[in-house]
Number of protein chains: 2
Amino acid sequence: MHELEGPEPMYRQIADIIAAQIEDGTYRPNSRLPSEAEVCTRFDVSRRTAREAYAILIERDLVVTSQGKGTYVKRREA
Amino acid sequence: MHELEGPEPMYRQIADIIAAQIEDGTYRPNSRLPSEAEVCTRFDVSRRTAREAYAILIERDLVVTSQGKGTYVKRREA
DNA sequence: GGAAATTTGTTCGTATGTATA
DNA sequence: TTATACATACGAACAAATTTC
């Protein structure tokens, strides 16, 4: 699906792609993002790398994760 | 199965311990913190866990890391 | 100058626990 | 209960930047 290669580490590239998709409305507020396992297969990376990508989005305050539920797009305020 | 178990995950415990040591002056501003390898042996954890601990301190803006150099106590501003 | 050692950076794999559906 | 999904933690390997000898 996606061809990922470049100077940036994969987890950052993935984070940027998903962040852009949140921005452009592909993933709407409160909607569930792909599971870590889905990210693994979609971008052909390990679970570790998928988690690193989501960790960045969490740090950016773009998403929240909930054990057993999934990762969700956070609502934008201000 | 692991030892040294508590209410908090190990990486957070380690982060809290080191953060406290930064607070009390054990580790002074601009000084180098123990390398990841040292954290591994000192707390008997894997490198991944050691890195998770430092990741927390980075997120808290308490330390900075530099490839090939090490992890340093950040200088307090404000 | 250069090789070796040190240290962080990235990435993979595996196992087990906990929470939710 | 079973399946799904995230949380924690172990290990391994190589790359890249820096330091040391």
Side-chain angles (χ1 to χ4, degrees), chain A residues 1-19 21-22 27-75, chain B residues 1-19 21-22 27-75:
Chain A
M1 178 177 278
H2 291 94
E3 281 296 332
L4 293 182
E5 218 166 324
E8 292 288 315
M10 300 264 276
Y11 67 81
R12 205 171 301 150
Q13 292 182 55
I14 294 172
D16 286 340
I17 288 172
I18 295 177
Q21 290 179 316
I22 290 173
Y27 298 118
R28 315 262 294 272
N30 294 324
S31 67
R32 223 205 63 180
L33 290 167
S35 71
E36 294 174 354
E38 285 176 306
V39 172
C40 293
T41 59
R42 185 175 301 187
F43 295 96
D44 194 30
V45 294
S46 72
R47 175 107 186 274
R48 179 80 236 159
T49 301
R51 281 179 64 76
E52 288 286 346
Y54 274 161
I56 288 179
L57 298 180
I58 292 169
E59 194 182 341
R60 287 186 195 165
D61 207 38
L62 287 177
V63 309
V64 292
T65 63
S66 188
Q67 191 170 10
K69 289 175 67 182
T71 303
Y72 292 82
V73 179
K74 204 167 178 182
R75 240 197 191 298
Chain B
M1 217 155 339
H2 29 271
E3 49 230 78
L4 215 139
E5 214 162 354
E8 293 287 309
M10 302 241 274
Y11 68 81
R12 206 170 301 149
Q13 291 183 55
I14 295 171
D16 286 341
I17 289 172
I18 296 177
Q21 290 179 315
I22 290 173
Y27 298 118
R28 314 258 295 272
N30 293 324
S31 68
R32 222 204 68 186
L33 290 167
S35 71
E36 295 173 355
E38 285 175 306
V39 171
C40 292
T41 58
R42 185 174 302 186
F43 294 95
D44 193 30
V45 294
S46 70
R47 182 164 171 224
R48 163 109 342 248
T49 301
R51 282 179 66 78
E52 288 285 348
Y54 273 160
I56 288 178
L57 299 180
I58 292 169
E59 195 183 340
R60 286 186 196 166
D61 208 39
L62 288 177
V63 310
V64 292
T65 64
S66 187
Q67 190 173 9
K69 288 174 69 179
T71 303
Y72 292 80
V73 179
K74 206 167 176 181
R75 201 139 30 93

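Reminder, nothing fancy here: chain letters follow the sequence lines and each chain counts from 1.
- Side-chain nitrogen and oxygen atoms of B:Y11 include none within less than 4.0 Å of the OP1 or OP2 phosphate oxygen of D:dA9.
- The closest side-chain heavy-atom distance from B:L62 to B:K74 is not below 4.5 Å.
- When the C1' atom of C:dT8 is taken as reference, atom NZ of B:K69 falls 12 Å away, rounded to whole Å.
- Looking only at side-chain heavy atoms (C-beta outward), B:R75 and B:N30 come within less than 4.5 Å of each other.
- To the nearest angstrom, P of D:dT18 lies 16 Å from CD of B:E36.
- Distance, B:E8 CD to C:dT18 C1': 15 Å, rounded to whole Å.
- Of the charged side-chain nitrogens involved, at least one lies within less than 4.0 Å of a carboxylate oxygen, so that A:E52 and B:R48 count as a salt-bridged pair.
- C:dG9 atom P lies 18 Å from atom CD of A:Q13, rounded to whole Å.
- Between B:L33 atom CG and C:dT8 atom C1' there is a gap of 13 Å when expressed in whole angstrom units.
- Nearer to the 5' terminus of DNA chain C, by closest-nucleotide assignment, is the contact made by A:E52 (compared with the other of A:E52 and A:Y72).
- Counting only heavy atoms from C-beta on, A:T49 has its side chain closest to C:dT11 among C:dT11, D:dT8, C:dT7.
- The separation between B:I14 atom CD1 and D:dT8 atom P is 13 Å, rounded to whole Å.
- Proximity of residues 57-68 of chain B to DNA chain D (heavy atom under 4.0 angstrom from any strand atom) is restricted to B:Q67, B:G68.
- In the set C:dT8, C:dA21, D:dC10, D:dC10 carries the atom at the smallest distance from any side-chain atom of B:R48.
- Phosphate proximity of D:dA7 to B:R12: absent, as no side-chain N or O sits under 4.0 Å from OP1 or OP2.
- Whole-Å rounding puts the B:R51 CZ to D:dG11 P distance at 16 Å.
- Residue A:S35 is in sugar-phosphate contact alone, with no base atom involved, counting any heavy-atom pair closer than 4.0 Å across all strands shown.
- One atom, CZ of A:R47, and another, C1' of D:dA12, lie 18 Å apart when rounded to the nearest Å.
- Taking the side chain of B:T71 as heavy atoms from C-beta on, and the options D:dC10, C:dG13, C:dT8, the nearest nucleotide is C:dT8.
- As judged by a 4.0 angstrom heavy-atom cut-off over every strand, B:Y54 is placed among residues making no nucleic acid contact.
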